[in-house]
Structures are given as C-alpha cells and as structure tokens.
2 protein chains.
Amino acid sequence: MVRDSIRILQAQGHKATRPRKLVLEVLGEIENPLSPYDIQGILHTRGKYLNHVTIYRILDLLCSLNLAHKMLSSGGFVKCSLDATEGCHRFMVCQHCGAIREFADKELCQEENDFAQNFGFHTEHHLSEFSGLCSRCYKK
Amino acid sequence: MVRDSIRILQAQGHKATRPRKLVLEVLGEIENPLSPYDIQGILHTRGKYLNHVTIYRILDLLCSLNLAHKMLSSGGFVKCSLDATEGCHRFMVCQHCGAIREFADKELCQEENDFAQNFGFHTEHHLSEFSGLCSRCYKK
DNA sequence: GGCTAAATGCAACATTATTACAATTAGCTC
DNA sequence: GAGCTAATTGTAATAATGTTGCATTTAGCC
C-alpha cells in the first residue's frame with residue numbers, strides 16, 4: 001500500500017509531499033516497470049503535472065529506501081513488494097504481459113554463493129531476473 | 001579470439017567488415033563492460049574512427065549472435081567467452097577491478113527453473129549477475 | 001500564522017539512442 | 001583484377017533520457 005510507503009518515508013525523516021504521493025500512487029497501481037517519463041505521462045493524462053527532474057529524484061529516494069526497484073533489463077521502476085529483511089530480491093518478468101513478480105529465496109541464494117565460491121569469487125549481491133511466461137499467459 | 005567471431009559472423013552470412021573487426025578487437029582486449037561511446041573513444045585514441053551509429057548496430061548484431069553480451073548491471077557490453085551451446089550464461093562482476101567472468105551451469109539453471117515453476121512461472125531465460133570480489137581482489 | 005530546512009520547479013545543458021537516406025565496400029562473378 | 005550488387009557504413013538531423021545550479025515553494029515544526 002501507498003500508505004505504508006509514506007509511513008516508512010516519514011519514519012526516515014523524509015517529507016510526505018504531494019509529488020511523492022503521486023509517484024507512489026502510480027507505482028502502486030501499475031505492475032509493469034515504468035520509466036520516469038512513463039510516470040510523468042500517466043500523471044499528465046490525469047491532469048497532474050510533475051517535473052521530470054522531480055520524478056528522477058523521487059525514484060532515487062524510493063530505491064535508496066528499498067521502496068522501489070530499478071529493473072535491470074528494462075531500466076524501468078517497480079514498487080517493491082517484499083520486506084527488506086527477506087534476503088536477496090529477484091524478479092520474474094513475464095515476456096507477454098510485462099508483469100513483474102518479486103520473490104526472495106535464501107536457499108537458492110546460498111547455493112549460488114557456494115557455486116561462486118568454487119571459483120574463488122566472494123559474492124556480495126545477486127542481480128537476477130528470470131524472463132518467461134507467468135502462469136496466466138502460459139495457459140493461453 | 002576475434003578470428004573465431006569473424007568466422008561465425010561469416011558463417012551466418014554477415015560480412016567481415018573493418019568496423020566489425022575493430023569493435024571485436026576492442027571487446028576482445030578489454031575485460032570490462034564498454035558502452036558504445038567507450039568503444040568509440042578507445043578506437044579514437046588509436047587513430048581509428050567509427051561512427052557511433054555503426055557501433056550501436058554492430059553491438060546489436062553481435063548480441064543477436066551471442067558473440068557479445070549486454071551486462072544488466074552496467075548496460076555495458078562484453079565479448080562472450082563461452083560457447084553458445086553451453087546453456088544459460090551468467091556473470092560474476094568484481095566490484096573492485098570490474099572484471100567479468102562468464103560461466104554456465106546447467107544444474108543451477110535447472111534449480112532456478114524448478115523454483116520458478118513452483119510459482120507457475122515458465123522460465124525462458126535467466127539474467128543473472130553476481131557482484132562481489134574476485135579471488136585476486138578478495139585477498140587484498 | 002510564521003519560520004526553516006527540505007523539496008520541487010525551472011532552464012539550460014549533457015549524454016545517449018534512433019531514424020532516413022546518401023555514400024561506400026565486401027564478396028561475388030566473370 | 002574490373003565490375004556488379006546487396007549489405008554495410010557514414011552523415012545529419014532529431015528524439016529520448018539524464019543531470020546540474022539556482023530560484024521558488026511547501027511540509028512539518030514552533
């Protein structure tokens with residue numbers, strides 16, 4: 001919910017401004033990754049105007065607080081749907097409808113770490129997106 | 001080797017042009033991800049000029065033939081160092097020296113597919129990068 | 001209501017990416 | 001090796017995306 005994000009913002013000493021609420025509103029509604037200009041466009045159709053610089057800055061903030069993620073493959077932004085404490089976050093991206101599903105799995109994470117360790121590599125973060133078909137689109 | 005890539009290009013009916021050789025040469029030498037303009041700059045210091053449009057097009061082609069990869073984390077391009085038949089490709093990216101190590105592992109791939117399957121997701125591709133410290137930099 | 005730091009808007013600019021079309025060239029044939 | 005042609009590259013113009021410094025506005029406090 002948008003309300004939760006606002007609360008977290010404020011708890012960290014950030015203000016609950018109109019532009020921030022608007023951006024969170026859009027990210028909360030739309031499941032597909034959105035670019036800053038996408039967000040601007042969507043708000044525009046609703047008669048609300050935000051400067052693109054503002055949107056860039058808000059998205060930076062949201063990402064730094066783990067309230068949003070920047071998708072690596074597309075560069076678009078999505079609202080974070082997991083608790084920050086759940087471990088390394090990954091994504092399933094449906095090639096058909098574009099919907100994102102976020103998940104976390106500690107076991108898989110550990111296996112990957114072990115795998116890398118065999119090569120002498122010391123892993124700090126996992127960047128991982130699976131692309132394919134979500135259950136809905138697969139049935140069709 | 002660059003020579004191998006050229007052979008693959010030609011086998012697929014593409015011409016072995018001077019610009020393509022130059023781009024492959026740079027990607028073959030430098031281990032870190034390079035943007036199109038990086039490549040242009042490097043060539044420039046060597047007294048060779050390529051138009052950026054050409055470089056964009058060449059990189060598209062190389063990626064479509066799996067002779068290069070676009071890195072998720074940086075958006076930069078690296079030369080592919082594995083055989084295309086080896087399965088899904090992943091990367092270890094050293095945060096310190098920036099070096100990329102590419103690898104493939106069918107078991108890990110299968111586990112990830114199974115994991116996604118539990119959510120009803122049908123995986124087609126894995127995009128995966130580990131960031132951390134390579135063996136060299138970890139020792140320091 | 002008034003104050004102040006934080007946040008936004010604005011303008012200008014920098015960087016990165018794309019398009020349409022003209023010029024060039026690799027690889028073929030003779 | 002000269003000539004041909006489709007493929008490729010270069011050019012120029014433009015679009016899209018991202019950044020910076022500074023003036024203006026506003027949320028949250030008293």
Asker: To the nearest Å, give me how far apart CG (Leu43(A)) and C1' (dG9(C)) are.
Answerer: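 Interatomic distance, CG of Leu43(A) to C1' of dG9(C): 15 Å.
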Asker: His14(B) near the nucleic acid: base, sugar-phosphate alone, or nothing, with a heavy-atom cut-off under 4.0 Å?
Answerer: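 The residue His14(B) makes sugar-phosphate contact but no base contact.
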Asker: What's Gln40(A) touching, base or sugar-phosphate or nothing? Going by heavy atoms closer than 4.0 Å.
Answerer: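 Answer is nothing: Gln40(A) stays at 4.0 Å or more from every strand.
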Asker: Nearest whole Å is fine: how far is dA7(D) C1' from Lys15(B) NZ?
Answerer: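 To the nearest whole Å, that distance equals 4 Å.
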Asker: Which one, dT11(D), dC10(C), dT19(D), comes nearest to the side chain of Tyr49(A)?
Answerer: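 Looking only at side-chain atoms, Tyr49(A) lies closest to dC10(C).
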Asker: Is the shortest side-chain N to carboxylate O distance from Arg57(A) to Asp60(A) below 4.0 Å?
Answerer: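 No, this pair does not count.
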Asker: Report the distance from atom CD of Gln10(B) to atom C1' of dC28(C), rounded to the nearest whole Å.
Answerer: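 The answer, rounded to whole Å, is 13 Å.
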Asker: Using whole Å, what does the distance between atom C1' of nucleotide dT9(D) and atom NZ of Lys21(B) come to?
Answerer: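 These atoms are roughly 15 Å apart.
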Asker: What is the distance from OH of Tyr56(A) to C1' of dA16(D), rounded to the nearest Å?
Answerer: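 Between C1' of dA16(D) and OH of Tyr56(A): 9 Å.
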Asker: Are any of Arg18(A)'s side-chain N or O atoms less than 4.0 Å away from OP1 or OP2 of dT8(C)?
Answerer: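 Result: no.
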Asker: So if I apply the side-chain contact (heavy atoms from CB on, under 4.5 Å) rule between Leu22(B) and each of Ile42(B), Thr17(B), Leu50(B), Ile55(B), which one comes out positive?
Answerer: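 Option passing the side-chain contact (heavy atoms from CB on, under 4.5 Å) with Leu22(B): Leu50(B).
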Asker: When you check the gap from the basic side-chain N to the acidic O, do Arg46(B) and Glu29(B) get nearer than 4.0 Å?
Answerer: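 A salt bridge links Arg46(B) with Glu29(B).
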Asker: Roughly, in whole Å, what's the span from CG in Asn51(A) to P in dT17(D)?
Answerer: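 Rounded to the whole Å, the gap is 15 Å.
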Asker: Rounded to whole angstroms, how far apart are CG on Leu22(A) and C1' on dA7(C)?
Answerer: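 Value for this atom pair: 14 Å.
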Asker: Side-chain donor-acceptor pair under 3.5 Å between Asp38(B) and Ser35(B), yes or no?
Answerer: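 Note: Asp38(B) and Ser35(B) side chains meet the donor-acceptor criterion.
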Asker: Using a heavy-atom cut-off of 4.0 Å across all strands, would you classify Arg57(B) as base, sugar-phosphate, or nothing?
Answerer: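 Base, at least one base atom sits under 4.0 Å.
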Asker: Assess whether a salt bridge exists between Lys79(B) and Glu25(B), defined as any Lys/Arg side-chain N lying under 4.0 Å from an Asp/Glu carboxylate O.
Answerer: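 Salt bridge flag = no for Glu25(B) with Lys79(B).
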Asker: With respect to the side chain of Thr54(B), which nucleotide from dA17(C), dT9(D), dT19(D) is positioned closest?
Answerer: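 Between dA17(C), dT9(D), dT19(D), the one nearest the side chain of Thr54(B) would be dT9(D).
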Asker: Taking only side-chain N and O atoms of Thr17(B), does any of them lie within less than 4.0 angstrom of OP1 or OP2 on dT25(C)?
Answerer: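 For Thr17(B), the contact criterion (side-chain N or O under 4.0 Å from OP1 or OP2 of dT25(C)) is not met.
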Asker: Once you round it to whole Å, what is the distance between P of dT25(C) and CG of Leu50(B)?
Answerer: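 Whole-Å distance recorded here is 13 Å.
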Asker: Going by modelled atom types, is there a donor-acceptor pair between the base of dT19(D) and the side chain of His52(A) at under 3.5 Å?
Answerer: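 By the distance-only test, yes, there is a pair.
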